[in-house]
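Worksheet for the structure shown next.
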Amino acid sequence: MSLIDYTLKEFVEETASSSPAPGGGSVSALAGSLGAGLLNMALNLTLGKEKYASVQELLAPLLSQTTALHQRLIELVDTDTAAFNSVMAAFKLPKETEEEKASRTASIQAAYRHSAEVPLQVAGLCLEVLRLVQPILENCNPGALSDAGSAVQMAYAGMEGAVLNVKINIIDLKDREFADEARQRADTMLVEGAALRDRAGAYLKGVL
């Protein structure tokens with residue numbers, strides 16, 4: 001059964017169980033999806049309302065973006081767990097002969113790389129969510145400001161959690177060029193994400 005088909009209670013309980021998946025990567029994707037969903041909500045509470053006619057042209061194009069980000073990040077909840085499971089499966093491969101050992105090692109390395117690529121994608125999508133925040137905050141229905149503000153926190157948490165998952169999955173990678181590039185990309189995203197979060201926070205502090 002797909003994780004995204006779980007009830008909310010089932011997902012939380014599975015996360016809290018002794019099962020190693022879903023773990024931080026899937027939860028980070030979910031956090032990012034919730035952030036995008038909250039921005040979607042803020043837009044839906046603004047668009048089509050006569051009271052906010054002056055901002056329709058500015059905000060309308062953003063709705064398709066928040067919708068797409070919301071849906072893609074939901075999909076990555078399952079993708080991340082599948083990537084983790086592929087690592088576990090690779091470690092269980094036979095290693096009796098030299099050929100089996102070599103095949104097992106290659107499978108483990110490929111699985112580790114994929115398990116870094118998925119949260120790297122999650123982090124990038126969470127950053128895209130954060131990049132959409134400011135125009136929505138500054139122009140949305142004021143009644144949705146707390147929702148849009150919560151979106152900031154969820155998207156940043158999703159990005160930061162995803163970055164941690166990138167970093168843990170590159171530790172044992174033999175392809176150090178990929179590992180170093182992934183770490184650099186992740187750290188660069190964190191810097192921009194933190195700046196966007198802080199900008200949004202400063203705006204909210206001034207209006208709420």
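- Atoms CD1 and OG1, on Ile4 and Thr81 in that order, are 11.0 Å from each other to the nearest 0.5 Å.
- Side-chain contact between Asn141 and Lys49: absent, with no pair of heavy atoms (C-beta onward) separated by less than 4.5 Å.
- Rounding to the nearest 0.5 Å places NZ of Lys174 at 8.5 Å from CD1 of Ile108.
- Between the side chain of Gln56 and the main chain of Gly48, a donor-acceptor pair closer than 3.5 Å is present.
- No more than 12 heavy-atom neighbours from other residues, nucleotides or ligands sit within 6.0 angstrom of CD1 on Ile168.
- A salt bridge links Arg131 to Glu192: one of the charged nitrogens lies within less than 4.0 Å of a carboxylate oxygen.
- Interatomic distance, Tyr112 OH to Phe178 CZ, rounded to the nearest 0.5 Å: 14.0 Å.
- At a threshold of 4.5 Å between non-hydrogen side-chain atoms, the residues Val55 and Thr46 count as touching.
- Side-chain heavy atoms closer than 4.5 Å link hydrophobic residues (I, L, V, M, F, W, Y) into clusters, and following such links, possibly through other members, connects Tyr6 to Ile74.
- Hydrophobic cluster membership is shared by Val122 and Leu69, with clusters built from Ile, Leu, Val, Met, Phe, Trp and Tyr side chains linked at under 4.5 angstrom.
- We find the CG-CG distance between Asp5 and Asp78 to be 7.5 Å, quoted to the nearest 0.5 Å.
- Salt bridge annotation for Arg104-Glu100: absent, with no cationic side-chain nitrogen under 4.0 angstrom from a carboxylate oxygen.
- Between Tyr156 and Cys126 the shortest side-chain heavy-atom distance does not fall below 4.5 Å.
- Looking at Ser19, its side chain never comes within 3.5 Å of a backbone N or O of Thr15 through a donor-acceptor pair.
- Atom CZ of Arg72 sits in a crowded spot, with more than 12 heavy atoms from other residues, nucleotides or ligands closer than 6.0 Å.
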Start with the C-alpha distance between Leu132 and Gln65, add both sets of side-chain angles, then the distance that settles side chain to side chain contact (heavy atoms under 4.5 Å, CB included), and finish with yes or no.
CA-CA 9 Å; Leu132 295 174; Gln65 296 178 58; 3.4 Å; yes
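- Residues Leu130 and Leu59 fall within the same hydrophobic cluster, defined by Ile, Leu, Val, Met, Phe, Trp and Tyr side chains chained together at heavy-atom separations under 4.5 Å.
- Remark: side-chain polar atoms of Thr67 are not paired, donor with acceptor, to backbone N or O of Ser64 under 3.5 angstrom.
- At least one side-chain heavy atom of Leu3 sits under 4.5 Å from a side-chain heavy atom of Ser26.
- For Arg183 (side chain) and Lys167 (main-chain N/O), no donor-acceptor pair under 3.5 Å exists by modelled atom type.
- In the hydrophobic clustering of ILVMFWY residues, with side-chain heavy atoms under 4.5 Å counting as a link, Leu45 and Leu137 come out apart.
- Counting non-hydrogen atoms of other residues, nucleotides and ligands closer than 6.0 Å to CG of Leu208 gives a total above 12.
- Ser115 and Asn169 form no side-chain donor-acceptor contact under 3.5 Å, judged by distance and modelled atom types alone.
- Nearest heavy-atom pair across Ala83 and Val118 is CB-CG2, 4.1 Å.
- Taking the side chain as every heavy atom from C-beta outward, Leu47 and Leu63 approach each other to under 4.5 Å.
- Contact annotation: the side chain of Leu173 approaches that of Arg176 to within less than 4.5 Å [non-hydrogen atoms, C-beta and beyond].
- The shortest non-hydrogen separation linking Asn85 to Ala21 is OD1-CB, 4.2 Å.
- Hydrophobic clustering of Ile, Leu, Val, Met, Phe, Trp and Tyr side chains at less than 4.5 Å, counting indirect connections, keeps Leu125 apart from Met41.
- Side chain of Thr66 to main chain of Leu39: no donor-acceptor pair is present (N/O by atom type, distance under 3.5 Å, no hydrogens or angles).
- Between the CG atom in Leu73 and the CD atom in Glu128 there is a gap of 9.0 Å [rounded to 0.5 Å].
- With rounding to the nearest 0.5 Å, the separation of CG in Leu190 from CG in Leu127 is 9.0 Å.
- A donor-acceptor contact under 3.5 angstrom links the side chains of Gln134 and Glu138, judged on distance only.
- Using modelled atom types, one side-chain atom of His70 and one backbone atom of Ser33 make a donor-acceptor pair closer than 3.5 Å.
- Under the 3.5 Å distance criterion, the side-chain polar atoms of Glu160 are left unmatched by any main-chain donor or acceptor of Ala123.
- Side-chain N or O atoms of Asn40 include none that pairs as donor or acceptor with a backbone N or O of Ala36 at under 3.5 Å.
- With contacts defined as side-chain heavy-atom distances shorter than 4.5 Å, the pair Tyr52/Pro142 qualifies.
- Using a 4.5 Å heavy-atom cutoff, the side chains of Pro119 and Asp80 are in contact.
- Between the Gln184 side chain and the Glu181 main chain, no donor and acceptor come within less than 3.5 Å of each other.
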